[in-house]
Structures are given as C-alpha cells and as structure tokens.
Engineer: 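Below: one structure in structure tokens.
Reckoned from all heavy atoms, side chains included, excluding hydrogens, waters and symmetry mates. Nothing fancy with the numbering, it's 1 onward along the sequence.
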Amino acid sequence: MGPRIVFVNPHINEDQKKRISLVADKYGASIAFYSSTSPAIPNLADAEIVYGSSPELIEHAPNIKWFCAASAGIDNYVKSGVFEGRDILLTNSSGAFGLTIAEYIIMMSLYMMRRMPEYDKFIKEKVWTGYMPIKNLKDSNIVVLGTGDLGSAFAKRVRAFEPKSLIGVSKSGNPVEHFDRVVKTDDLNDVVSDVDLLVMCLPGTPETTGILSRELIDRMPDSAYVVNVGRGSAVDEDALVSALKEGRLAGATLDVLRTEPLPPESPLWDVPNLYITPHISGQETTDWTKDKNYDMFAEDLENYLSGNPLVYLADIRKGY
C-alpha cells in the first residue's frame with residue numbers, strides 16, 4: 001500500500017479531483033479530499049503527504065513528509081514555526097497566480113490612472129463631466145519590486161501598453177525576460193525618482209519588511225501610483241497614509257495589508273485615493289488559476305511517488 005494523501009481545499013471540482021486521484025492510484029496511494037481544515041485534522045495521523053492552506057494541518061500530522069502550500073506565499077508557515085525540528089519537504093503554488101494577479105495589477109493601475117473612482121462618483125451624482133487630466137500606461141515609467149512569477153507575469157502583459165521604461169528590482173539584480181533591465185534592491189532609490197507606477201510583488205521576509213518607507217516615498221514624484229499585491233508587511237502604512245493625505249502620492253491600491261482582515265475601525269478605510277481589496281488579486285477564483293494550481297500538485301505528486309525530485313520546492317529559511 002502506498003502513502004496516504006490528505007488534500008484540503010474548498011474550491012476543487014470533481015474533474016480536478018479525478019486528475020489528482022489518477023496519479024495517486026497509479027502508485028497505489030490513497031487520497032482523501034476535505035473542503036476545510038477542521039474535518040481533516042482528525043484524519044491526519046497517518047498522512048504522509050498533505051496539501052492545504054493552514055499550519056494546523058502540519059501540527060496534527062506526525063508522519064508528514066511533504067506539505068504542499070495552496071498559496072504562493074509561505075510566510076505564515078515561517079511565522080508559525082511548524083517546520084522547526086522536522087524534516088518535511090515544502091512546496092508552494094508559486095506559478096499558479098501570476099496571470100490572474102497581473103490582470104488585477106493592470107486593472108487597478110488603469111482604474112487609478114484613468115481616475116475612474118472620480119468619474120464613478122460623478123455618474124452616481126448624475127453629473128456629466130467629460131474632462132479630467134488622466135495618465136496612460138503607455139510612456140509611463142514602471143518599476144516592479146520582485147521579478148518572480150508575479151512580477152514577470154505582469155511585465156509580460158504590461159509590455160503591450162508600451163511603457164517608456166520597465167525596470168525590475170530584485171535581490172540579485174539578474175536579468176529577467178520582459179524587463180528593460182533589472183537592478184539590485186540596493187539601487188531601488190535610484191530608479192524611483194521618475195516613477196509613474198510602482199508595483200510591489202514581494203514575499204514577506206525580514207529583508208522586504210517596510211521597504212516602501214517614508215524615505216522611499218519622499219524620493220518618488222507626487223504624481224506616482226503604487227499597487228501592492230505581495231505582502232502587507234512591505235509597506236509602512238503610516239508613511240503611505242501621510243503621503244496620500246498630503247498629496248505626495250497620486251494614489252495607491254493595497255490588496256494585502258499588515259492586518260487581515262482589516263478591522264472596521266482602521267483609519268485605512270477612509271484615506272483619500274487609497275483603494276483596498278480583501279486579498280483577492282490572486283485567490284483561487286478563476287478556472288485557470290485552479291487548474292494550474294492542482295496540476296502543479298499532480299506533477300509533483302507524480303515526482304514524489306516515482307522517487308524523483310520535486311519541482312516546486314520552497315525554502316522555509318528564505319521565506320519563499
């Protein structure tokens with residue numbers, strides 16, 4: 001009898017279950033599907049492979065050898081400490097969300113740059129206003145923090161809008177397709193002085209915490225826009241709020257925040273030109289994302305059961 005697999009996800013459909021089950025059956029492994037963490041926990045004692053989105057699953061699986069995170073980010077697993085002292089392989093789903101998040105970034109960038117919130121307000125008030133200065137993605141200077149799956153997927157698609165410059169920023173500074181050039185994080189200050197759109201696609205690590213600081217914002221033009229789809233910890237929220245209130249930034253979109261869910265009493269709800277979405281830019285809400293996510297797991301399941309290296313390994317020490 002092969003290893004036991006526990007798969008926890010509320011979005012998977014019967015066809016997708018069948019694709020994964022076929023791989024398990026091929027190697028004599030058994031698999032159980034659960035829609036949420038609570039009913040799965042009592043059935044983890046003999047699980048060797050677990051797919052899910054909660055550190056609790058790992059805590060209650062004493063014989064686990066491989067955990068596949070349903071998300072691209074793994075910072076919640078790092079913070080939980082569930083991997084400490086345990087020899088567990090960790091993979092994530094980085095690669096399944098880039099396309100969907102890239103579309104979100106373009107949508108929200110145009111939403112702000114074309115001043116759609118203001119036009120929407122006029123329409124609701126039944127006021128016919130036909131002229132306000134707007135900005136284009138064409139001929140814009142775009143800087144992207146993070147050149148992994150999210151950043152490169154956005155760069156590939158925003159190319160069609162013909163930006164003036166498209167600069168990536170990464171720890172290594174290594175060249176990445178679709179960017180005009182990639183600079184090291186140490187050179188970030190030098191590339192934001194004329195930025196029109198700053199896109200943040202960073203993982204949650206000590207190195208990225210607070211990277212959008214008061215000092216960095218002060219180096220950016222008052223006309224600049226910001227979109228953050230990485231992790232809320234990368235933004236000094238107090239500095240961002242001050243900049244927006246004082247007109248030192250044109251607008252910002254945050255799909256990720258330091259505190260989630262954002263409490264009703266948070267001042268962020270009422271900041272002018274700040275647009276908040278509830279961490280939905282890359283959730284498993286499109287068929288493409290779901291198919292890609294589960295196909296990646298099926299691919300590595302085949303690798304694991306056949307004794308081959310896993311493709312989508314993450315590094316718990318690095319945090320991504």
Engineer: Flag the pair Lys79 / Asp75 as yes when at least one side-chain heavy-atom distance between them is below 4.5 Å, and no otherwise.
Structural biologist: yes
Engineer: For Glu246, does the CD atom have more than 12 heavy-atom neighbours from other residues, nucleotides or ligands under 6.0 Å away?
Structural biologist: yes
Engineer: Take Leu145 and Leu188, measure what side-chain contact (heavy atoms from CB on, under 4.5 Å) needs, and give me the verdict at the end.
Structural biologist: CA-CA 9 Å; Leu145 300 185; Leu188 175 58; 3.4 Å; yes
Engineer: Can Lys124 and Asp120 be counted as an ion pair, charged N to O under 4.0 angstrom?
Structural biologist: yes
Engineer: Output yes when a side-chain donor or acceptor of Trp288 lies under 3.5 Å from a complementary backbone atom of Ala96, and no otherwise.
Structural biologist: no
Engineer: Please check: side-chain N/O of Asn273 versus main-chain N/O of Leu244, any donor-acceptor pairing under 3.5 Å?
Structural biologist: no
Engineer: How about Asn92 and Tyr77: does a side-chain donor come under 3.5 Å of a side-chain acceptor?
Structural biologist: no
Engineer: Between Thr277 and Tyr104, is any side-chain donor less than 3.5 angstrom from a side-chain acceptor?
Structural biologist: yes
Engineer: So that I can tick it off, tell me whether Asp180 and Arg159 are bridged by a salt bridge, with the cut-off set at under 4.0 angstrom between side-chain N and carboxylate O.
Structural biologist: yes
Engineer: Side-chain heavy atoms nearer than 4.5 Å, only ILVMFWY residues, links allowed to pass through others: does that put Leu313 and Met296 together?
Structural biologist: no
Engineer: If you count the non-hydrogen atoms of other residues, nucleotides and ligands that lie under 6.0 Å from NZ in Lys171, is the total more than 12?
Structural biologist: no
Engineer: Are Met112 and Pro117 packed together at the side-chain level, in the sense that at least one heavy-atom pair is separated by less than 4.5 angstrom?
Structural biologist: no
Engineer: Would a 4.5 Å heavy-atom cut-off, applied to side chains only, mark Thr37 and Ser54 as touching?
Structural biologist: yes
Engineer: Report the C-alpha separation of Asn136 and Met113 in whole Å, then their side-chain angles, then the decisive distance to 0.1 Å, and conclude whether the side-chain contact (heavy atoms from CB on, under 4.5 Å) test is met.
Structural biologist: CA-CA 7 Å; Asn136 295 325; Met113 296 169 77; 5.9 Å; no
Engineer: Hey, is Lys156 close enough to Glu177 for a salt bridge, meaning N to O under 4.0 Å?
Structural biologist: no
Engineer: Looking at Arg4 and Asp46, is there a salt bridge between them, counting it only when a charged N and a carboxylate O are closer than 4.0 Å?
Structural biologist: yes
Engineer: Output yes when a side-chain donor or acceptor of Gln283 lies under 3.5 Å from a complementary backbone atom of Ile280, and no otherwise.
Structural biologist: no
Engineer: The test is side-chain contact (heavy atoms from CB on, under 4.5 Å); show your working for Asn189 and Glu215 and say whether it passes.
Structural biologist: CA-CA 9 Å; Asn189 287 341; Glu215 292 73 23; over 6 Å; no
Engineer: Is the shortest side-chain heavy-atom distance between Tyr119 and Met132 below 4.5 Å?
Structural biologist: yes
Engineer: Do the side chains of Lys164 and Asp196 get close enough for a salt bridge, i.e. N-O under 4.0 angstrom?
Structural biologist: no
Engineer: With respect to Met220, which candidate in Val195, Val143, Asp194 satisfies the side-chain contact (heavy atoms from CB on, under 4.5 Å) definition?
Structural biologist: Val195
Engineer: Between Asn141 and Ser165, is any side-chain donor less than 3.5 angstrom from a side-chain acceptor?
Structural biologist: yes
Engineer: Using a 4.5 Å cut-off between side-chain heavy atoms of Ile, Leu, Val, Met, Phe, Trp and Tyr, which other residues end up in the same hydrophobic cluster as Leu22?
Structural biologist: none
Engineer: Under 3.5 Å, is there a donor on one side chain and an acceptor on the other for Thr147 and Ser152?
Structural biologist: no
Engineer: Between Tyr111 and Tyr275, is the ring centroid distance below 6.0 Å?
Structural biologist: yes
Engineer: If only side-chain N and O atoms count, and only distance matters, is there a donor-acceptor pair under 3.5 Å linking Asn9 with Tyr294?
Structural biologist: yes
Engineer: Answer with yes or no whether the hydrophobic clustering places Leu166 together with Val169; edges join I, L, V, M, F, W, Y residues whose side-chain heavy atoms lie under 4.5 Å apart.
Structural biologist: no
Engineer: Counting only heavy atoms not in Lys17, do more than 12 sit closer than 6.0 Å to its NZ atom?
Structural biologist: yes
Engineer: Could you grab the distance from atom CG of Leu274 to atom CG of Leu249, nearest 0.5 Å is fine?
Structural biologist: 10.5 Å
Engineer: If you count every heavy atom of other residues, nucleotides or ligands that lies below 6.0 Å from Asn308 atom CG, does the total exceed 12?
Structural biologist: yes
Engineer: List the steps, then state whether side-chain hydrogen bond (donor to acceptor under 3.5 Å, both in side chains) holds for Ser93 with Asn293.
Structural biologist: CA-CA 6 Å; Ser93 299; Asn293 194 321; 3.1 Å; yes
Engineer: Identify all side-chain donor-acceptor contacts of residues 63-74 below 3.5 Å with residues at least two apart in sequence or on another chain.
Structural biologist:
unit_1	atom_1	unit_2	atom_2	d
Asn63	ND2	Ala45	O	2.8
Trp66	NE1	Thr91	OG1	2.9
Ser71	OG	Gly73	O	2.7

Engineer: Is there a side-chain contact between Gln16 and Asp291 in this structure, where contact means two heavy atoms from C-beta onward sitting under 4.5 Å apart?
Structural biologist: yes
Engineer: Exactly one of Phe297, Phe33, Tyr312 should register a ring pair (Phe, Tyr, Trp, His ring centres under 6.0 Å) with Tyr51. Which one does?
Structural biologist: Phe297
Engineer: Take atom CZ of Arg219 as the centre, draw a 6.0 Å sphere, and report whether it contains more than 12 heavy atoms from other residues, nucleotides or ligands.
Structural biologist: no
Engineer: So that I can tick it off, tell me whether Lys184 and Asp186 are bridged by a salt bridge, with the cut-off set at under 4.0 angstrom between side-chain N and carboxylate O.
Structural biologist: no
Engineer: Can you tell me which residue among Arg115, Lys121, Arg114 is in a salt bridge (charged side-chain N to carboxylate O under 4.0 Å, His left out) with Glu118?
Structural biologist: Arg115
Engineer: Quick one: does Ile217's side chain get under 4.5 Å of Leu212's, heavy atoms only?
Structural biologist: yes
Engineer: Can you confirm whether Leu268 sits close enough to Glu237 that some side-chain heavy atom of one is under 4.5 Å from a side-chain heavy atom of the other?
Structural biologist: yes
Engineer: Under a 3.5 Å threshold, yes or no: a donor from one side chain and an acceptor from the other, between Glu299 and Tyr304?
Structural biologist: no
Engineer: Which pair of non-hydrogen atoms, one from Cys201 and one from Val144, has the smallest distance, and what is that distance?
Structural biologist: SG-CG1, 4.2 Å
Engineer: For Arg181, does the CZ atom have more than 12 heavy-atom neighbours from other residues, nucleotides or ligands under 6.0 Å away?
Structural biologist: no
Engineer: Report yes if some heavy atom in the side chain of Asn228 is under 4.5 Å from a heavy atom in the side chain of Thr253; otherwise report no.
Structural biologist: no
Engineer: Given side-chain hydrogen bond (donor to acceptor under 3.5 Å, both in side chains), test Ser233 with Thr209 step by step and report yes or no.
Structural biologist: CA-CA 5 Å; Ser233 58; Thr209 299; 4.5 Å; no
Engineer: Give a yes or no on this: more than 12 heavy atoms of other residues, nucleotides or ligands lie within 6.0 Å of atom CG of Asp87.
Structural biologist: no
